[in-house]
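To start, the structure itself, in structure tokens.
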Amino acid sequence: MLSSDSAWVRWTTVLVSALLGAAVWEFGTRGLNPAVMSPFSDTVLRLAEMLRSGELGAGAAQSLGLFFTGLSAAVVTALPLGLLLARVRLLRVAFDDYIALVYAMPMVALIPFILSIFGLDFSAKALVVFLFCFFPILYNTVEGARSIDPELIEVARSFRSTEWDVWRDVMIPGAFPYAMTGVRQAIGRGLVGMVAAELFLSASGLGQLLMISARNFDTAGLFGVVLIITLLGAWLMAVGQALENRFTAWRGVKR
Amino acid sequence: MIREQANAAGQSFALAGGAPGPRAGHKSLWTRFAASTLLVKIAGGVFLLVVSEIAVRLLAPAYVSRPSGVFRVLPQTLTNPAVLSGAAITLGAVLQGSVVALVSGMVVGLLMGRIRLVDRLLRIYVDGLSAMPMVAIVPLLTIWFGFTSWARLATVIFAAFFPIAINMNSGARAVPQGYLEVARSCGASAWHTLFGVTLPASMPYLLSGIRLALGRALVGAVVAEFYVSVDGLGYFILFQTRTFHHNEAFVAVLLLALVAVGVDALINGIIRRYMPWYRAGERKR
């Protein structure tokens with residue numbers, strides 16, 4: 001990233017490139033069949049209409065509810081489990097390759113199973129988001145806790161730290177930055193899980209809006225929803241990145 | 001990555017504390033077991049299999065896949081022509097799409113990395129679209145390409161493009177200034193500086209980008225097959241679960257997992273073999 005730019009230059013750049021993009025979108029698509037490609041102005045009008053009628057707001061709220069349910073469940077379970085695996089070497093050696101396997105696996109492939117076992121209700125969709133989020137956090141926490149210098153634990157031990165002290169002063173601070181990398185990845189994957197769950201399980205939220213507008217060849221509406229999803233995604237990813245940056249300082253000089 | 005560190009950990013685990021260390025002179029059976037990384041891993045795998053077998057038997061309906069069921073159908077599913085052709089189709093689409101994404105992503109990333117104006121014009125689009133969950137684009141692609149395999153190819157390209165462009169971009173920025181100065185003072189053309197100096201120098205970044213891209217391309221192909229219902233491994237999974245053949249479907253899931261892990265291992269191997277000095281950024285993203 002070029003960081004030499006001042007804030008003023010950065011914002012002008014964003015503004016100019018956004019305007020150029022809008023202009024290309026607007027004038028490059030005039031005269032095309034509106035069912036195939038809708039110009040920028042139509043998309044904005046349709047977007048405003050959807051916002052006014054409240055369907056977009058309600059859909060986004062529903063989707064975000066689903067997303068945060070799954071994400072927070074994953075954080076609450078994967079973090080302690082990751083630390084436990086990191087602390088108990090035997091457990092870690094026993095399971096880390098399997099965790100890496102599931103971490104690399106395309107989770108979407110499990111959606112049909114969840115559909116046919118758990119049905120269509122909210123908890124099934126939350127389970128999808130949970131599964132998408134769980135393994136990045138677990139994997140990164142274990143990876144991070146492994147990078148804790150064993151000597152630190154030894155020193156803590158020789159100063160008669162209790163097990164609880166070791167956790168509080170060494171394990172948790174040491175693994176936390178990596179866990180945050182996991183959370184950032186989980187946010188990205190969880191968004192995919194959210195939209196996939198809403199498309200492939202019972203339709204709801206933004207996924208449902210996508211599906212309805214695609215079926216009606218309402219391309220302006222479809223673009224509008226995609227735009228909103230993109231903005232939500234960019235915002236959440238930025239939050240994740242900020243979280244990660246906030247804690248990377250803890251990693252110290254080694255990396 | 002994991003394995004090599006696990007081995008190292010296996011030798012130094014007395015230091016790690018917590019686990020019972022071989023403090024006494026004579027070694028009990030337990031300490032010898034705990035010191036053998038392979039045995040512990042196998043035991044962990046067996047434990048996971050047994051637990052899932054019991055859990056599924058007790059809690060889930062009979063049609064749900066469980067380890068014993070998957071083992072039983074493994075031979076016949078792996079020789080099932082539908083699985084084989086499905087795997088070939090899906091992987092073919094992933095490969096085709098990734099090649100298109102690789103070429104275009106490389107060009108865009110290189111230009112963004114070396115020419116400031118291009119970076120300024122494109123940055124918000126590349127960053128924004130890469131943050132977008134790619135599933136959301138599939139309905140739009142079905143409008144443009146119909147419910148055909150073209151929609152799948154487009155999804156794969158879309159999914160794979162951004163990791164490559166972004167990594168290529170940061171790689172091109174990370175090229176040491178000295179290389180560029182030498183190229184310049186030797187009178188290298190802009191073309192040569194871009195493809196002869198910058199590109200090779202940012203190879204490790206590109207490779208991590210390719211690894212990410214292939215993973216996402218695989219997800220994209222499966223998602224597209226679910227939505228579009230064109231033949232492939234993803235559609236095989238969808239069809240088999242709908243007809244309550246969960247065991248057969250799970251074999252296909254295992255195949256996908258194998259491909260994903262194989263790609264990771266391949267790229268990591270290439271980086272370790274040909275660029276052993278390169279470590280930083282491997283964890284990034």
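Reminder, nothing fancy here: chain letters follow the sequence lines and each chain counts from 1. What you see is a predicted model, and the numbers here were worked out from it, not measured in a lab.
- Ring geometry for F95(A) versus F47(B): interplanar angle of 30 to 60°, hence tilted.
- A side-chain donor-acceptor contact under 3.5 Å links K41(B) to the backbone of V93(A).
- Heavy-atom distances place the side chain of F200(A), and not its backbone, under 4.5 Å from chain B.
- The shortest non-hydrogen separation linking L191(A) to A131(B) is CD1-O, 4.3 Å.
- With Y227(B) contributing its side chain and A196(A) its backbone, the two residues share no donor-acceptor pair below 3.5 Å.
- Of all non-hydrogen atoms in A109(A) and I237(B), the two that sit nearest each other are O-CG2, 3.7 Å.
- Of all the heavy atoms in D264(B) and A104(A), the pair that sits closest is OD2-CB, 4.1 Å.
- In this pair, F223(A) and W144(B) present their aromatic rings tilted. The plane angle is within the 30 to 60° band.
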### Task
Verify side-chain contact (heavy atoms from CB on, under 4.5 Å) between M105(A) and V259(B), making sure each step is shown before the conclusion.
CA-CA 8 Å; M105(A) 189 177 103; V259(B) 171; over 6 Å; no
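- No side-chain heavy atom of P139(B) sits under 4.5 Å from any side-chain heavy atom of M211(A).
- Comparing A260(B), S170(B), A136(B) by heavy-atom pairs within less than 4.5 Å of chain A, the highest count is held by A136(B).
- For a residue to count as touching a neighbouring chain, one of its non-hydrogen atoms must lie under 4.5 Å from one of that chain's; by this rule L222(A) touches chain B with the side chain only.
- Taking the side chain as every heavy atom from C-beta outward, M132(B) and L232(A) never approach each other to under 4.5 Å.
- In this structure, chain B has a heavy atom under 4.5 Å from the side chain of L110(A), while its backbone stays farther away.
- The part of L199(A) that comes within reach of chain B is its side chain, from C-beta onward, which places non-hydrogen atoms under 4.5 angstrom from that chain.
- Neither the backbone nor the side chain of A238(A) comes within less than 4.5 Å of any heavy atom in chain B.
- The number of heavy-atom neighbours closer than 6.0 Å to CZ of F239(B), taken from other residues, nucleotides and ligands shown, is 12 or below.
- Using a 4.5 Å cut-off between heavy atoms, S65(B) contacts chain A through its side chain alone, with no backbone atom that close.
- Taking every heavy atom of both residues into account, V219(B) and P106(A) meet most closely at CG2-CB, 3.8 Å.
- Within the 4.5 Å cutoff, the side chain of V40(B) has heavy atoms near those of the L90(A) side chain.
- Annotation: maximal heavy-atom pairing with chain A below 4.5 Å, among L122(B), N169(B), V223(B), occurs at V223(B).
- Minimum interatomic distance between Y125(B) and S17(A) (heavy atoms only, all atoms of both residues): OH-O, 2.6 Å.
- Nearest heavy atoms, V253(B) versus F113(A): CG2-CE1, 3.5 Å.
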